[in-house]
Asker: 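Before I ask anything, let me first share the structure, which is written out below as structure tokens.
Letters A, B, ... are given to chains in the order of the sequence lines, protein chains preceding strands, and every chain is numbered from 1. What you see below is based on every heavy atom in this structure, not just the backbone, and it leaves out hydrogens, waters and symmetry mates.
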2 protein chains.
Amino acid sequence: MARKLSTLDPQRLDNQICFAVYSAAHAFNRVYKPLLDRLGLTYPQYLVMLVLWERDDVPLKDIGEKLFLDSGTLTPLLKRLEAAHLVKRTRSSEDERQVLIALTAQGHALKDKARSVPQSILAASDCTVPELVAMKDEIVALRDRLNAVIGE
Amino acid sequence: MARKLSTLDPQRLDNQICFAVYSAAHAFNRVYKPLLDRLGLTYPQYLVMLVLWERDDVPLKDIGEKLFLDSGTLTPLLKRLEAAHLVKRTRSSEDERQVLIALTAQGHALKDKARSVPQSILAASDCTVPELVAMKDEIVALRDRLNAVIGE
DNA sequence: CGACATTCAATTGCGAACAATTAAATGTGA
DNA sequence: TCACATTTAATTGTTCGCAATTGAATGTCG
């Protein structure tokens, strides 16, 4: 009976999806770490590079919208990527408020070196691709519902 | 054809479960923020309090194992909780290496004030409890597989 | 045109998160 | 017992993440 209660107690750590997500994010980060170290990237920097590998010469703001990050996070991060000669930051000539982020040759070249990363993560997850796709879709749907509440 | 390829490209941001988890964790954090502000807690501090509300007078190391955090994170965090008069830190007399974390009266009292938090999160998630439990179990299983790889 | 609001990036300050190191306490084995 | 390894927290340094503010550029409306 006490056991039954504890498995339903919403104030128990083990019952919280938020902690599951929080701790899974950290676990992913730890798996990524050695892979990204070889590329000289952190995980958030890797995310920015993924965005730029899809589309180059993007305003900082667009990167922020895709990754749900603001300028307070991105400005110093992008300066570090620039210091590593992976991107160049230039003010837009049409709108001087915007900063455009473009890949350097090194930044482009890194895409090939990063090609094996997703496969390593897949192996570490020990899941089938369809399982992961299903989970991903569920988590994204949950995230979007949460973000909708924040906007309200 | 190009469209078909892009939905399978493992290097695309939208195809990565890791980013889904990463961005969902941030979304949860943003939903928690206003709720926890009223308690004077950050989310990681709230997690520590959840652990202590289940069992008091716990070694720092045990908290770290439950939350997957190390002393580099917990030591300053616990000092802030102590400064807020929510916990007391004392060296164990049996083993002087260990620091025991105990709730103060204020720390205990906060549990009641925090009782409504999980319900607010549930509402924001806009899911049924069984759906959330199923997702949670899947994510925990994935996390544990990832953590197993790190140990190897 | 000119006052005003809006947009965007940068900055500041604080709290995680973690790697690497240090130091003290404890355990172990010759 | 004594040398050595292990355990545990604390510390240092770097990077995120975000709230709040600032300042410049742009948009809007009378």
Asker: Using only side-chain N and O atoms of A:Tyr22, determine if any of them is under 4.0 Å from OP1 or OP2 of C:dA17.
Answerer: yes
Asker: Establish, with yes or no, whether the OP1 or OP2 oxygen of C:dA17 is under 4.0 angstrom from a side-chain nitrogen or oxygen of B:Thr73.
Answerer: no
Asker: side-chain contact (heavy atoms from CB on, under 4.5 Å) for A:Gln16 and B:Leu50? Distances and angles first, verdict last.
Answerer: CA-CA 10 Å; A:Gln16 306 218 352; B:Leu50 285 178; 3.7 Å; yes
Asker: Rounded to whole angstrom units, what separation is found between the CD atom of A:Gln98 and the P atom of C:dA10?
Answerer: 12 Å
Asker: Could you give the NZ-to-C1' distance, from B:Lys79 to C:dA16, as a whole number of Å?
Answerer: 15 Å
Asker: Taking the side chain as everything from C-beta on, heavy atoms only, tell me whether B:Val117 gets closer than 4.5 Å to B:Leu39.
Answerer: yes
Asker: Base, sugar-phosphate, or nothing: which does B:Leu77 touch, judged by heavy atoms less than 4.0 Å apart?
Answerer: sugar-phosphate
Asker: Please report the distance, rounded to the nearest Å, between CG in A:Leu74 and C1' in C:dA9.
Answerer: 10 Å
Asker: Under 4.0 angstrom, heavy atoms only, what part of the nucleic acid is B:Thr42 near: base, sugar-phosphate, or nothing?
Answerer: sugar-phosphate
Asker: Starting at the 5' end of DNA chain D and moving along, which residue's nearest nucleotide shows up first, B:Val99 or A:Leu69?
Answerer: B:Val99
Asker: Report each atom pair, protein N/O against N/O of nucleotides 22-29 of chain C, whose distance is under 3.5 angstrom.
Answerer:
unit_1, atom_1, unit_2, atom_2, d
C:dT26, OP1, B:Glu96, N, 3.1

Asker: Check whether any side-chain heavy atom of A:Val140 lies under 4.5 Å from a side-chain heavy atom of A:Arg143, and answer yes or no.
Answerer: yes
Asker: How are the rings of A:Phe68 and B:Phe19 set relative to one another: parallel (under 30°), tilted (30 to 60°) or perpendicular (over 60°)?
Answerer: parallel
Asker: Starting from P on C:dC18, measure out to CG on A:Asp37 and report it in whole angstrom.
Answerer: 14 Å
Asker: Could you tell me how far apart B:Leu36 (CG) and C:dG15 (P) are, to the nearest whole angstrom?
Answerer: 15 Å
Asker: Is there side-chain contact between A:Leu52 and A:Ile63, with heavy atoms separated by less than 4.5 Å?
Answerer: yes
Asker: Can you tell me how far C1' of C:dG15 sits from CG of B:Leu47, to the nearest Å?
Answerer: 14 Å
Asker: Less than 6.0 angstrom separating the ring centers of B:Tyr43 and A:Tyr22, yes or no?
Answerer: yes
Asker: Could you give the distance from CE (B:Met49) to CG (B:Leu110), rounded to the nearest 0.5 Å?
Answerer: 5.0 Å
Asker: Rounding to an integer number of Å, can you tell me how far B:Leu67 CG sits from C:dA16 P?
Answerer: 12 Å
Asker: Taking the basic N atoms (NZ, or NE/NH1/NH2) and the acidic carboxylate oxygens, is any pair closer than 4.0 Å for A:Lys66 and A:Asp62?
Answerer: no
Asker: If you take all heavy atoms of B:Pro76 and B:Ser71, which pair is closest and at what distance?
Answerer: CD-O, 3.9 Å
Asker: Want to settle it: does A:Gly72 or A:Lys33 sit nearer the 5' end of DNA chain C, counting the closest nucleotide to each?
Answerer: A:Gly72
Asker: What's the CG-P distance between A:Asn29 and C:dA16, to the nearest Å?
Answerer: 17 Å
Asker: Taking any atom under 4.0 angstrom from a heavy atom of chain A, which nucleotides of DNA chain D are the first and last to qualify, 5' to 3'?
Answerer: D:dT15 to D:dT26
